[in-house]
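Computed over heavy atoms, backbone and side chain alike; hydrogens, waters and symmetry mates excluded. If you read the sequence from its start, that first residue is 1, and numbering goes on from there. Counting starts at 1 for both ligands and their atoms, following the listed order.
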Amino acid sequence: MEQALKTPQNSPLSAVEIKQLFDAEYQNINSLADVEKLRVEYLGKSGKVTESLKTLGTLPAEQRKQFGAEVNQVKVQITEVLENKKAEFESKELNEKLLKESIDISIPAQKVKFGKTHPVSHVVQEVKDIFASLGFVYAEGPEIENDYNNFTALNISENHPARQMHDTFYIKSVDNNLVLRTHTSPVQIRTMKNGKPPFKFIAPGRTFRCDSDQTHSPMFHQIEGFYVDKNVNMGHLKGCLQEFLDRFFEVSGIKMRFRASFFPFTEPSAEVDIQCNRSGGKIEIGKGADFLEILGCGMIHPKILENCGINSEEYSGFAFGIGIERLAMLKYGISDLRQFFENDVRFLQHYGF
Ligand code: PHE
């Protein structure tokens with residue numbers, strides 16, 4: 001058939017001839033590859049359309065213009081037809097691929113074991129929620145802290161026992177000035193240095209001390225509470241802790257006892273004991289006549305404010321530090337601190353949330 005339509009040797013294929021050849025071949029297209037093959041055969045560098053236009057010069061001048069225009073028109077038609085076909089194959093391919101890759105989410109899962117939230121994470125969340133509702137924002141600092149933020153800026157002098165090797169993990173560094181933070185209080189310094197008063201935040205996180213027995217773990221968790229504004233006094237501290245303890249232990253009006261204490265960065269300082277009942281083998285919070293130590297707190301020492309460029313005549317505040325594991329042990333009846341970090345899945349299954 002191709003042969004029959006051919007014009008004499010060397011004379012270019014006419015638009016009609018090209019179109020007839022193309023239409024015949026187009027019938028048999030089955031794939032993207034076929035489309036490309038046809039494109040090369042007609043529109044490529046030595047394709048039929050291109051060849052035809054190249055040999056235009058061999059025609060008599062009076063035919064050239066019309067012949068050329070017709071071939072060009074066919075070129076446009078073929079281009080369009082092939083492009084449409086290409087798009088058609090492409091979308092078909094995509095649909096097939098999507099269909100193949102679809103996942104049947106209605107198939108029931110088998111043997112799924114649900115993980116549980118560790119009591120430490122759970123208690124951090126509970127404490128965060130309570131303080132958030134009292135207007136405290138969230139703050140944090142690094143676990144590897146410099147000596148200045150962990151000690152000096154907090155008024156812990158060179159000779160303070162807290163600096164001794166047996167308490168602090170020192171880290172070898174160029175200036176030997178890095179430690180694993182021994183408490184969350186350095187977040188006070190970082191936050192004050194990076195902002196302007198008022199400040200009202202809680203900062204939960206990991207802390208480290210070189211100590212390990214039934215009631216001490218070398219890694220444990222604290223929550224720092226911090227509030228600095230004009231005219232903040234100890235009554236605010238007391239009200240804030242009362243609200244927190246009542247809500248955390250779900251008992252209203254837990255009796256608190258502020259026992260005079262000492263922290264270099266608070267003045268006055270206190271340790272807070274809460275009412276509990278020890279008769280009957282287990283500890284019940286908010287009942288009975290016994291007391292149990294629960295946290296350390298105090299009014300921020302003016303020197304700490306001044307160390308961070310805050311006028312202590314104008315501003316005052318309170319801070320407190322609570323041990324998370326201790327809260328968890330008391331609220332959820334966990335007896336041995338070491339269980340928290342042994343990674344025994346049975347512990348998580350029993351005490352997890
Ligand atoms: N940082 C103290 C500690 O780890 C606790 C504390 C925090 C006390 C804030 C007073 C105020 O023992």
- Message: Tell me if the centroids of the rings in Phe320 and Phe131 come within less than 6.0 Å of each other.
- Response: yes
- Parallel, tilted or perpendicular: which describes the rings of Phe347 and His118, with under 30° parallel and over 60° perpendicular? tilted
- Any chance you could lay out the side-chain hydrogen bond (donor to acceptor under 3.5 Å, both in side chains) test for Glu25 and Tyr42, step after step, and finish with the verdict? CA-CA 11 Å; Glu25 285 197 72; Tyr42 284 84; 3.1 Å; yes
- Task: Any atoms of ligand 1 less than 4.0 Å from a non-hydrogen atom of Ser185? List them with their elements.
- Result: 1 (N), 7 (C)
- Message: If the cut-off is 4.0 Å to any non-hydrogen atom of Ala319, which atoms of ligand 1 fall inside it?
- Response: 9 (C), 11 (C)
- Query: Side chain, backbone, both or neither: which part of Ser269 comes within less than 4.0 Å of ligand 1 when only heavy atoms are counted?
  - Reply: neither
- Message: Is the distance from the ring center of Phe136 to that of Phe244 below 6.0 Å?
- Response: no
- Give a yes-or-no answer on whether the side chains of Asp104 and Ser102 include a donor-acceptor pair shorter than 3.5 Å. no
- Among protein heavy atoms, which lies nearest atom 5 (C) of ligand 1, and at what distance? Gly321 CA, 4.0 Å
- For Gln188 and ligand 1, does the shortest N/O to N/O distance drop below 3.5 Å? no
- May I ask you to identify the nearest protein heavy atom to atom 2 (C) of ligand 1, giving residue, atom name and distance to one decimal place in Å? Phe265 CZ, 3.7 Å
- Backbone or side-chain N or O of Gln222 under 3.5 Å from ligand 1 N or O: yes
- When you check the side-chain N and O atoms of Gln27 and Asp23, is any donor under 3.5 Å from an acceptor? no
- Item | Shortest heavy-atom approach to atom 3 (C) of ligand 1 - which of Glu271, Glu224, Arg209 | Arg209
- Message: Suppose we call two aromatic rings close when their centres sit under 6.0 Å apart. Are Phe265 and His183 close by that rule?
- Response: yes
- Message: Looking at ligand 1, would His301 count as a contact under a 4.0 Å heavy-atom criterion?
- Response: no
